[in-house]
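The analysis underlying the following values was restricted to heavy atoms, covering all of them including side chains, and did not include hydrogens, waters or symmetry mates. Letters A, B, ... are given to chains in the order of the sequence lines, protein chains preceding strands, and every chain is numbered from 1.
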Amino acid sequence: MLSKHYDHHEVEKGKYDEWKKRGYFGTKDLTKTKFSMVIPPPNVTGKLHLGHAWNTTIQDIIARYKRAKGYDVLWVPGMDHAGIATQAKVEERLRKEGISRYDLGREKFLEKAYEWKKEYSETIHDQWKMMGLSLDYNRERFTLDEGLNKAVRHVFCELYKKGLIYRGEKIINWDPVLKTALSNIEVIHSDDQGKFYYFKYQIVGTSRFLEVATTRPETMFGDVCVVVNPRDERYKDLIGKKVINPANHEELPIIGDEYVDIEFGTGAMKCTPAHDPNDFEIAKRHHLPHPICMNEDATMNDLCGEKYVGLDRYECRDKLVAAIEKEGNLIKIENIVHPVGHSERSKCVVEPYLSKQWFVKMKPLAMQALEAQKSENRVDFIPERFEKIFTNWMKDCEDWCISRQLWWGHRIPAYYHKTTGEMIVCEEPPKDLENYIQDEDVLDTWFSSALWPFSTLGWPEKTEDLKRYYPLDVLVTAYDIIFFWVSRMIFQGLEFTDTHPFKKVLIHGLIRDEQGRKMSKSLGNGIDPIDVIEKYGVDALRYFLTTSTSPGLDTRYSDIKLQSASNYLNKIWNAARFILLNLEKEEKLDIDDSKLDVLDRFILSRLNKCVENVTLNMDKYDFANASTHLYNFVYDDFTSWYLELAKVKLNTADVESVRNTKAVLLKVLKDIVILIYPYVPFIAEEIYQQLPHHLESIMLETYPEVSKERYDEKSEMIVLDLIKMIKDVRSYKVDCKLAPNAPIELEIITNQRPLVEILLPFLKRMTFASKINFVNEFKDGNPRVYQLATMVIKDNVDKEKLLATLNAEIERLEQEVARGEKMLSNENFIAKAPKEKVALEQKKLADYKKQLQEYRDKKNNL
RNA sequence: GGAUGUUUAGCUCAGCUGGGAGAGCAUCGCCUUUACACGGCGGAGGUCGUAGGUUCGAGCCCUAUAACAUCCACCA
């Protein structure tokens with residue numbers, strides 16, 4: 001039997017292992033329609049946070065819902081090796097031991113990285129278990145495992161053959177701390193405080209100077225010219241002349257190029273082709289060289305002269321500016337705020353850097369993806385607006401730099417001949433491998449993640465899983481990785497599988513702290529899901545995460561909402577407890593339709609409408625709305641009314657009625673438990689196991705179906721009338737400062753006496769009425785009008801008070817009548833509004849008028 | 001510089017194709033009624049950011065505008 005209070009520790013115990021052991025998480029029935037998802041593989045860098053909890057709970061709800069709906073569900077788990085992120089963590093750990101990765105060498109370092117992976121994948125598994133995720137562990141994958149490596153090599157080589165992957169020397173974003181290239185989206189631009197240095201460049205052969213401004217003086221060692229706009233009247237005569245670079249006193253040509261903005265700065269720009277993408281383009285147009293002036297760690301190289309070689313770029317900047325100032329060539333320094341790129345991982349300022357890297361040519365792939373959005377291969381974004389974010393990015397994304405100067409990752413399958421230097425790109429290493437050196441670089445993590453929807457199913461092999469489960473039905477992810485991941489899966493999927501990788505992508509937001517700030521390590525405002533689970537239970541956490549949120553929007557963590565979720569679960573728990581206390585063990589309880597009374601028909605009607613609304617919203621992946629419908633049903637219709645009224649029924653001597661009431665209670669409870677089960681599987685299973693005649697587990701149950709024949713407007717109307725009467729008596733008692741259980745007498749006038757008589761025992765019990773009399777007219781008191789009857793609460797209050805309440809009621813009705821008359825006297829309304837709406841308003845007006853008359857009569861009779 | 005989102009009760013947020021403003025929490029009052037005080041019952045609380053427009057009718061549609069948030073972007 002259920003304990004008095006719901007104890008999440010007790011409830012959660014042992015269930016997950018049991019489910020897993022019995023194989024409920026796997027696929028089995030090939031006759032069913034398939035429904036497939038893959039988990040967004042978490043990085044093996046550390047513990048999972050609330051964002052992961054949110055993301056995976058959504059998927060688990062979908063998986064559990066779809067299983068209950070009769071689908072053969074596949075949900076593939078896995079993790080991402082997270083190249084840069086993990087390597088940085090491992091290096092950091094080594095550094096604490098006083099070792100660098102170079103001390104270990106590639107192979108030994110990778111061993112350390114695998115140790116790290118093993119450690120954190122265990123943590124992640126523990127967390128998945130805690131969250132109750134129904135993942136199919138038999139199909140778990142890792143982005144660096146052998147199968148996925150094969151997929152990666154295949155894709156690389158195919159794209160290379162098609163000319164969609166190339167190696168080239170371009171300006172890329174260089175992270176000097178991690179010493180690797182980055183892709184454009186791994187660079188975070190922020191407006192930083194900086195300085196704008198104005199220098200004098202002496203024009204050769206004259207004593208005149210050209211003023212040039214820069215934010216990065218240290219790059220002056222790599223300058224090849226000064227550029228002005230040929231339409232700039234001030235400078236156009238200078239084109240072809242030369243100036244002295246104040247940094248190294250070398251001569252620089254002055255050239256003309258339309259790129260330069262006449263209005264900006266001094267209108268004369270220094271040009272550093274190897275350290276700025278625009279400058280690189282200019283140099284290319286003018287056939288100028290592109291000398292590099294920094295090393296990989298952003299220290300100055302030997303191009304910079306003895307005084308500066310080996311200095312860090314910022315140290316060099318300060319020294320150089322001081323030197324130029326000493327020579328009298330510094331004009332001024334302005335403080336400015338300008339956009340500066342930072343490495344997503346190391347946070348350091350990225351250095352635009354000329355370097356030989358591998359790139360994916362994006363245009364053709366992007367075009368294909370954009371075209372597909374207009375076809376049946378489209379991916380539906382939920383909410384829709386995220387499609388625009390995706391297409392806009394696709395439209396003008398640049399080539400994707402995929403090579404990383406790291407060790408932890410998929411090594412690029414390119415080989416260079418030791419003597420000839422010839423390069424070959426091939427899936428399997430060349431037979432005479434001893435004559436070749438493999439490319440040292442590894443691929444961007446996202447290169448392998450992009451293949452995740454199909455590589456996890458065995459692609460490029462034509463596996464049974466691939467045939468049956470691909471493409472996926474839905475992908476669930478937060479909006480912050482649309483560019484990194486979603487878009488890349490889409491174009492790779494289209495390119496290699498000829499179909500969209502998933503039909504729908506469900507986008508959710510990010511979780512913030514209670515003040516609405518992002519959770520971050522530096523703020524120390526992160527919340528560990530484990531602590532929340534300990535305090536409120538995983539069911540409450542899951543319920544909070546998926547119901548107090550709006551599609552696509554961020555949400556705030558809220559202790560209060562978790563409390564509230566936990567209270568709700570306790571409510572269901574106790575409703576179940578009450579029902580089970582009233583059931584005989586193993587009693588066979590089927591609803592006998594011929595014995596249903598108006599209350600039963602009422603609750604079954606409401607239940608079916610609830611099931612309809614919940615299902616509708618579950619199918620739209622609108623979990624907040626779905627849960628609200630259920631919540632309202634549980635609180636209002638079920639526990640506040642049917643359950644309370646059923647207590648009266650259970651106390652009667654009519655054995656058949658009692659039995660049927662129990663059957664209805666059980667039916668409603670069971671449906672509620674199954675409806676809420678996808679959100680809160682642990683408590684649902686616990687209650688379910690207490691029900692008579694249950695299956696082995698709630699995981700094997702089928703979702704309630706709507707029975708429209710249970711819809712019963714008349715019974716609803718009748719019970720709502722009863723409810724209204726009860727509520728009126730209750731508020732009357734509060735108004736009169738009477739105790740809720742104070743005895744009271746009621747008088748009723750009705751022309752539907754048989755119906756009303758059925759309601760009497762309930763009215764009596766719920767209002768604590770000592771007497772209810774049917775009368776033909778009221779001698780005094782305030783008549784209250786209902787659909788079925790008119791009712792007076794007998795009391796001995798004085799006339800004045802009665803008059804006051806009558807007047808208040810009359811005033812309210814007058815307002816209603818005025819509203820209706822105004823609306824209906826509007827010719828345009830009559831003419832243009834839908835007929836049903838007009839009819840409805842007319843009926844309402846008539847009702848109000850009738851009521852008003854009754855109240856006025858009563859007042860006059862006083 | 002572009003783009004998107006948000007703005008509704010004290011707080012956090014719902015409000016579905018335009019047809020009488022809702023929930024949770026907080027607050028006030030009453031109640032230990034045998035499922036639940038992690039509770040029940042009854043209240044109070046809103047010019048729906050601002051200004052126009054469309055419409056018989058606008059929280060919802062359109063146009064401006066403000067504030068906040070986020071994303072994208074190579075201005076030296």
Considering just the side-chain nitrogens and oxygens of A:Ser548, establish if one lies under 4.0 Å of OP1 or OP2 belonging to B:C13.
no
Please list, chain by chain and in numerical order, all residues satisfying side-chain contact (heavy atoms from CB on, under 4.5 Å) with A:Asn574, sequence neighbours excluded.
A:Asn570, A:Arg577
For A:Val340, side-chain contact (heavy atoms from CB on, under 4.5 Å) partners two or more places apart
A:Asp192, A:His338, A:His342, A:Val349
Classify [X] by what it touches in the nucleic acid, base, sugar-phosphate, or nothing, heavy-atom distance under 4.0 Å.
{"X": "A:Thr266", "value": "nothing"}
{"X": "A:Phe544", "value": "nothing"}
{"X": "A:Lys518", "value": "sugar-phosphate"}
{"X": "A:Val212", "value": "nothing"}
{"X": "A:Lys733", "value": "nothing"}

Please produce a list of atom pairs where a protein N or O lies less than 3.5 Å from an N or O of nucleotides 30-36 of chain B.
from  : atom 1 : to       : atom 2 : distance (Å)
B:A35 : OP1    : A:Lys647 : NZ     : 3.2
B:A35 : O3'    : A:Arg577 : NH1    : 3.2
B:A35 : O2'    : A:Asn574 : OD1    : 2.4
B:A35 : O2'    : A:Arg577 : NH1    : 3.1
B:A35 : N7     : A:Lys647 : NZ     : 3.4
B:A35 : N6     : A:Thr639 : O      : 3.4
B:A35 : N6     : A:Glu644 : OE2    : 3.0
B:A35 : N3     : A:Asn574 : O      : 3.2
B:A35 : N3     : A:Ala575 : N      : 3.3
B:C36 : O4'    : A:Asn574 : OD1    : 2.9
B:C36 : O4'    : A:Asn574 : ND2    : 3.4
B:C36 : O2'    : A:Asn570 : ND2    : 3.2
B:C36 : O2     : A:Lys571 : NZ     : 3.2
B:C36 : N3     : A:Lys571 : NZ     : 3.1

Would you please name every residue forming a ring pair (Phe, Tyr, Trp, His ring centres under 6.0 Å) with A:Phe829, sequence neighbours left out?
none
Ring pair (Phe, Tyr, Trp, His ring centres under 6.0 Å) partners of A:Phe280, counting only residues at least two apart:
A:His290
If you restrict it to nitrogen or oxygen atoms, what contacts under 3.5 Å exist between nucleotides 2-11 of chain B and the protein, and what is each distance?
from : atom 1 : to       : atom 2 : distance (Å)
B:U4 : OP1    : A:Lys388 : NZ     : 3.4

Once you measure the plane-to-plane angle for A:Phe483 and A:Trp393, does it fall in the parallel (<30°), tilted (30-60°) or perpendicular (>60°) bin?
parallel
Over 60° means perpendicular and under 30° means parallel, so classify the ring planes of A:Phe544 and A:Tyr557, tilted if in between.
perpendicular
Mind calculating the distance between [atom1] ([X]) and [atom2] ([N]) to the nearest angstrom?
{"X": "A:Met766", "N": "B:G42", "atom1": "CE", "atom2": "C1'", "value": "14 Å"}
{"X": "A:His338", "N": "B:C74", "atom1": "NE2", "atom2": "C1'", "value": "13 Å"}
{"X": "A:Ile726", "N": "B:G40", "atom1": "CD1", "atom2": "P", "value": "17 Å"}

Under the salt bridge (charged side-chain N to carboxylate O under 4.0 Å, His left out) test, residues paired with A:Lys535 that sit two or more places apart:
A:Asp559
Hey, can you pull the donor-acceptor pairs under 3.5 Å for the side chains in residues 265-275 of chain A, sequence neighbours left out?
from     : atom 1 : to       : atom 2 : distance (Å)
A:Thr266 : OG1    : A:Glu211 : O      : 2.7
A:Thr266 : OG1    : A:Ala268 : N      : 3.2
A:Thr266 : OG1    : A:Ala268 : O      : 3.3
A:Lys270 : NZ     : A:Thr219 : OG1    : 2.7
A:Lys270 : NZ     : A:Asp223 : OD1    : 2.8
A:Lys270 : NZ     : A:Asp223 : OD2    : 3.4
A:Lys270 : NZ     : A:Thr272 : OG1    : 2.7
A:Thr272 : OG1    : A:Asp223 : OD1    : 2.5
A:His275 : ND1    : A:Pro352 : O      : 3.4
A:His275 : NE2    : A:Cys293 : N      : 3.1

Base-pair map of RNA chain B as dot-bracket, where | denotes pairing with a different strand and pairs are Watson-Crick or G-U under 3.5 Å:
(((((((..((((.....[..)))).(((((.......))))).....(((((..]....))))))))))))....
Closest-nucleotide 5' rank along RNA chain B - winner of A:Lys620 and A:Asn184:
A:Lys620
Position toward the 5' end of RNA chain B (nearest nucleotide), A:Asp735 or A:Asn828
A:Asp735
Cation over ring face, A:Arg542 and A:Trp54, 6.0 Å, 45°:
no
Geometric cation-pi criterion, A:Lys647 with A:Phe578: 6.0 Å, 45°:
yes
Mark yes when over 12 heavy atoms from residues, nucleotides or ligands other than A:Gln842 sit less than 6.0 Å from its CD; otherwise mark no.
yes
Would you please test A:Glu821 and A:Arg819 for salt bridge (charged side-chain N to carboxylate O under 4.0 Å, His left out) and show each step?
CA-CA 6 Å; A:Glu821 281 179 340; A:Arg819 174 187 170 271; over 6 Å; no
Tell me, which pairs form a side chain to side chain donor-acceptor pair (under 3.5 Å) where one or both residues lie in residues 622-635 of chain A, sequence neighbours left out?
A:Asp622-A:Asn625
Could you write nucleotides 17-26 of chain B as a row of B, S and -, 5' to 3', where a protein heavy atom under 4.0 Å of any base atom gives B, of only sugar-phosphate atoms gives S, and otherwise -?
--BB---SS-
Roughly how far apart, to the nearest Å, are B:A23 and B:G57 at atom C1'?
27 Å
Using atom names, set out every protein N or O paired with an N or O of nucleotides 66-69 of chain B below 3.5 Å, distance rounded to 0.1 Å.
none

Looking only at side-chain N and O atoms, does A:Asp257 offer a donor or acceptor that is under 3.5 Å from a partner on A:His286?
yes
